[in-house]
Amino acid sequence: MTVQIQFPDGASRSFDEPATGLQIAESISNSLRKKSVAIRVNSELWDLTREIDADSSVELITRNTEEGLEVIRHDAAHVLAEAVKELFPETQVTIGPAVENGFYYDFARDEPFTQEDFALIESRMKDIIQRNEEIVREVWQRNEAIKYFKSIGEDYKAEIIADLPEDEIISVYRQGEFVDLCRGPHLPSTAALGHAFKLTKLAGAYWRGDANNAQLQRIYGTAWANDQQLKQYLKQLEEAEKRDHRLLAKQLGLFHMQEEAPGMVFWHPKGWSIYQSIKQYMRQAQEAHGYQEINTPQLVDLSLWEKSGHADKFGEDMFSLQVDERNYAIKPMNCPCHVQVFNQGLKSYRELPLRLAEFGSCHRNEMSGALHGLMRLRGFVQDDAHIFCTEKQVQTEVADFITFLHDVYKDFGFDEVLYKLSTRPEKRVGSDEDWDRAEATLAQALDDQGLDWDLQPGEGAFYGPKIEFSLRDCIGRVWQCGTMQVDFSMPARLGAEYVGEDGNKHVPVMLHRAILGSLERFIGILIEQHAGALPFWLAPVQVVITTIVSDADDYAAMVFDKLTAAGIRVELDTRNEKISYKVREHSLQKIPVIAAVGMREAQEGTLAIRRFGSKNQSAMGVDELLALLIQESQPGYVDDSLNEQTAGDTK
RNA sequence: GCCCGCAUAGCUCAGUAGGUAGAGCAACUGAUUUGUAAUCAGUAGGUCGUUGGUUCGAUUCCGACUGCGGGCUCCA
């Protein structure tokens with residue numbers, strides 16, 4: 001018997017008898033065998049040790065590739081489980097997949113694991129790798145597998161097998177004493193895993209992700225193809241930590257939070273300056289796009305939320321209170337209030353589309369464990385707006401919105417946007433026909449703009465499907481910010497109507513939309529994106545004028561007045577300190593421009609300008625600087641003067 | 001909400017095998033007038049998150065509460 005093996009590059013090779021991935025790799029080169037971790041056989045991933053006994057097209061998966069890393073990480077999870085079983089035999093293993101950057105394994109054990117156990121577990125994992133246990137795939141009968149796992153006290157495993165589809169092949173992997181149900185593929189032996197892994201976190205996780213189930217203990221780890229990659233990843237984590245907006249906000253004095261108001265923000269002058277800059281920018285942009293700004297009550301009788309359906313779906317998460325025997329709720333959303341504004345007076349089709357915008361202050365009683373700095377709050381403000389229009393107008397409105405959103409993101413320095421379409425959830429209002437139309441409309445709008453988008457079935461809002469717009473920051477993280485939701489239900493529920501061309505009353509379509517999402521959260525994202533050094537137009541303090549000797553105080557004050565009068569946010573630092581001390585302090589505060597003045601500058605009418613991030617200075621006249629700064633105050637201005645400076649500046 | 005961890009001066013942190021705490025920075029006072037990432041000296045600053053318990057005695061040990069941090073999304 002011969003087996004014909006076809007490679008991705010079109011070459012082929014025949015073997016006289018069934019061959020394993022290892023043999024195939026070896027037949028090409030020894031180094032390829034060493035690098036390989038699995039083999040794709042007719043689009044299915046196999047172990048390297050599994051025999052290929054029919055003509056096949058194959059592709060060797062090496063450890064440096066995404067798929068190769070997945071195999072390594074999955075193996076790391078198994079080695080982790082084996083180590084835990086050896087050290088804590090009373091533990092039950094459940095599931096342990098590879099995830100982004102690493103892996104985890106969920107364990108059931110009465111006694112909690114602690115971080116101190118990590119060293120012990122890691123060293124046992126290294127032992128297991130040292131032992132170089134062969135990893136062997138076996139195919140079992142379903143009933144036998146269930147019986148086996150039950151007999152060794154692994155009830156969770158037995159449950160998983162029992163729930164597998166009838167036709168699923170039950171494969172188990174044996175390494176040393178440890179046997180685990182697994183689809184594979186796996187490395188040929190534990191030594192192939194290498195040492196580039198580290199246990200990182202301990203967490204609770206529900207069995208099958210359901211909060212009604214038992215809580216398991218999850219151990220997270222990271223694993224890589226080699227030590228260098230691991231080191232790089234750990235360094236990257238450190239970098240991300242330095243950008244943490246909570247840390248930076250404290251250092252830069254932007255805001256604080258305290259026990260008495262969990263999940264809510266006390267904005268300090270500098271943080272509020274950023275907030276106002278963003279709000280003013282959005283206000284102007286929305287006006288230019290045909291929106292009218294409104295404002296609606298914070299406290300609204302519960303009956304409105306009952307009519308809108310929010311009380312039914314989110315009642316538990318709303319802050320509500322009883323006053324004079326009436327039940328009120330603090331608004332968790334703005335939409336029902338916007339419908340009330342729409343409902344005032346009889347509307348004509350001529351008035352549509354009507355775009356009502358509000359910087360809507362909302363409060364939601366988020367789970368305490370979900371709160372996270374500015375990223376997840378209980379009190380926040382949305383750049384919210386609702387567009388009331390006819391069904392015919394939806395397409396154009398959605399398209400215009402997407403263009404608008406792109407412009408805004410660009411001004412904030414985000415060029416990469418990701419798109420997701422979320423469709424009808426199980427718990428919803430509205431007819432299936434409405435949902436069909438709404439979903440199709442959104443999909444069409446995305447396609448019309450030639451955008452790549454992902455489908456998220458079942459993730460829509462309860463009243464309609466939505467497009468979610470996410471942006472990617474400079475270190476690769478993705479943040480969902482914008483949203484566009486079609487709503488065929490709420491206007492009818494709340495009695496919104498307009499008189500159409502035909503003289504009859506019609507229910508308008510309502511589009512819910514936001515670009516930044518929550519202003520607070522968006523500021524958090526901006527802080528992390530820029531590591532606290534916000535672009536000039538957003539910086540709370542744009543320029544610090546600092547004196548070198550007190551004889552220059554008067555001149556410094558004159559410059560300060562001039563810049564302030566021109567609308568630049570300036571601080572004057574005439575403290576009796578050395579210039580290096582002041583420069584250090586303002587640099588740590590990430591002030592975009594430090595203008596130092598001594599007697600020389602006072603006499604010449606100049607400033608010694610030092611830009612954030614640069615060690616160099618350049619002399620500049622006051623008017624010259626002012627012209628430059630006014631230009632940089634434009635939203636979206638990209639500061640490339642730094643590059644020019646490093647290239648051509650002399651001290 | 002649930003699991004694990006954490007809570008000491010304005011900030012970052014040390015400490016007490018149970019005997020009411022200490023450093024650096026910041027603040028304040030004084031000296032210094034300084035040329036681009038920390039000038040020197042002094043002073044002041046804490047109910048050791050809240051609350052119960054154990055104890056002669058608790059910031060320290062135990063419990064509860066509150067808040068914060070990580071996770072609970074990636075499905076053998």
Side-chain angles (χ1 to χ4, degrees), chain A residues 70 73-74 77-78 81 93-106 109 112-117 145 149 154 156-161 163-164 168-173 180-184 186 200-220 241 244 246-247 250-251 253 256-263 316-317 365-373 456 459 546-553 574-589 594-601 608-610 612 614-617 651:
Chain A
E70 240 183 272
R73 287 167 183 162
H74 195 174
H78 274 232
V93 296
T94 68
I95 60 166
V99 293
E100 198 183 347
N101 298 324
F103 60 94
Y104 68 78
Y105 211 112
D106 285 348
R109 179 178 178 238
F113 290 112
T114 67
Q115 294 273 346
E116 284 79 64
D117 294 329
F149 283 108
E154 298 283 6
Y156 287 97
K157 281 284 170 203
E159 189 181 325
I160 293 167
I161 299 167
D163 288 348
L164 285 175
E168 184 93 9
I169 291 168
I170 312 284
S171 59
V172 303
Y173 281 80
D180 199 0
L181 169 77
C182 186
R183 192 186 289 137
H186 277 285
T200 52
K201 283 178 288 201
L202 196 55
Y206 299 109
W207 168 235
R208 299 197 150 162
D210 187 337
N212 298 315
N213 290 342
Q215 183 136 21
L216 309 169
Q217 297 187 64
R218 175 172 298 180
I219 296 178
Y220 276 99
E241 247 169 69
D244 191 317
R246 295 163 302 187
L247 203 75
K250 201 178 263 180
Q251 286 164 5
H256 86 273
M257 300 201 243
Q258 64 187 49
E259 270 194 43
E260 288 80 356
E316 298 270 294
D317 308 320
N365 191 13
E366 301 285 356
M367 289 194 296
S368 62
L371 302 178
H372 180 97
Q456 296 194 124
E459 298 288 314
T546 180
T547 50
I548 295 164
V549 290
S550 52
D551 284 345
D553 284 2
T574 54
R575 289 176 304 169
N576 174 13
E577 294 289 351
K578 287 176 74 173
I579 187 63
S580 49
Y581 176 87
K582 298 200 215 177
V583 164
R584 176 183 148 82
E585 232 180 35
H586 301 309
S587 297
L588 288 173
Q589 287 295 304
I594 299 174
V597 296
M599 285 322 287
R600 195 158 68 220
E601 286 73 21
I609 300 300
R610 179 177 168 135
F612 177 76
S614 169
K615 280 194 163 50
N616 300 326
Q617 310 139 44
K651 209 174 164 188

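Letters go in sequence order (proteins before strands), and every chain restarts at 1.
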Anything below 3.5 Å on both distances counts as a pair; with that, list the stems of at least three consecutive Watson-Crick or G-U pairs involving RNA chain B. B:1-7 with B:66-72, B:10-13 with B:22-25, B:27-31 with B:39-43, B:49-53 with B:61-65
Does [X] make a side-chain N or O approach to OP1 or OP2 of [N] shorter than 4.0 Å?
| X | N | value |
| --- | --- | --- |
| A:Arg610 | B:A37 | yes |
| A:His372 | B:C68 | no |
| A:Lys201 | B:G71 | yes |
| A:Lys250 | B:U12 | yes |
| A:Ser550 | B:U33 | no |

Is a donor-acceptor contact shorter than 3.5 angstrom present between the side chain of A:Glu316 and the base of B:G1? no
Taking any heavy-atom pair under 4.0 Å as a contact, classify [X]: base, sugar-phosphate, or nothing.
| X | value |
| --- | --- |
| A:Arg246 | sugar-phosphate |
| A:Glu601 | base |
| A:Ile219 | nothing |
| A:Leu588 | base |
| A:Ala596 | base |
| A:Leu371 | sugar-phosphate |
| A:Glu585 | nothing |
| A:Met599 | base |
| A:Arg183 | base |
| A:Tyr220 | sugar-phosphate |
| A:Ile95 | sugar-phosphate |
| A:Ala205 | sugar-phosphate |
| A:Lys157 | sugar-phosphate |

So, does [X] use its side chain to make a donor-acceptor pair with the main chain of [Y] at under 3.5 Å?
| X | Y | value |
| --- | --- | --- |
| A:Ser171 | A:Cys182 | yes |
| A:Gln217 | A:Leu202 | no |
| A:Glu366 | A:Gly263 | no |

Between A:Ile170 and A:Glu260, name the one whose nearest nucleotide on RNA chain B is closer to the 5' end. A:Glu260
Between A:Val597 and A:Asp180, name the one whose nearest nucleotide on RNA chain B is closer to the 5' end. A:Val597
Compare the minimum distances between each of [options] and the side chain of [X], then state the nucleotide with the smallest one.
| X | options | value |
| --- | --- | --- |
| A:Glu259 | B:G35, B:A37, B:U66 | B:U66 |
| A:Ile579 | B:G1, B:A37, B:G35 | B:G35 |
| A:Pro262 | B:C74, B:C4, B:C68 | B:C68 |
| A:Ala203 | B:G70, B:C68, B:G35 | B:G70 |
| A:Tyr206 | B:C75, B:A37, B:C72 | B:C72 |

Measuring only the C1' atom in each nucleotide, how far is B:C13 from B:C75? A whole number of Å is fine. 42 Å
Taking CD in A:Glu100 as the centre, count heavy atoms belonging to other residues, nucleotides or ligands within less than 6.0 Å. Is the count above 12? no
Considering residues, nucleotides and ligands other than A:Glu316, do more than 12 of their heavy atoms fall under 6.0 Å from its CD? no
Distance, rounded to the nearest Å, where A:Tyr104 contributes OH and B:C72 contributes C1': 10 Å
Extract from the structure each pairing of a protein N or O with an N or O of nucleotides 38-45 of chain B at less than 3.5 Å, listing the distance.
from	atom 1	to	atom 2	distance (Å)
B:A38	N7	A:Arg584	NE	3.3
B:A38	N7	A:Arg584	NH1	3.3
B:A38	N7	A:Arg584	NH2	3.3
B:A38	N6	A:Arg584	NH2	2.5
B:A38	N1	A:Arg584	NH2	3.2

Please list all pairs passing the salt bridge (charged side-chain N to carboxylate O under 4.0 Å, His left out) test where one or both residues lie in residues 205-217 of chain A, with sequence neighbours left out. A:Glu159-A:Arg208, A:Asp163-A:Arg208
On a heavy-atom basis, which atom in A:Ala77 and which in A:Gly96 lie closest, and how many Å separate them? CB-O, 3.4 Å
Euclidean distance, A:Lys582 NZ relative to A:Ile594 CD1, rounded to 0.5 Å: 11.5 Å
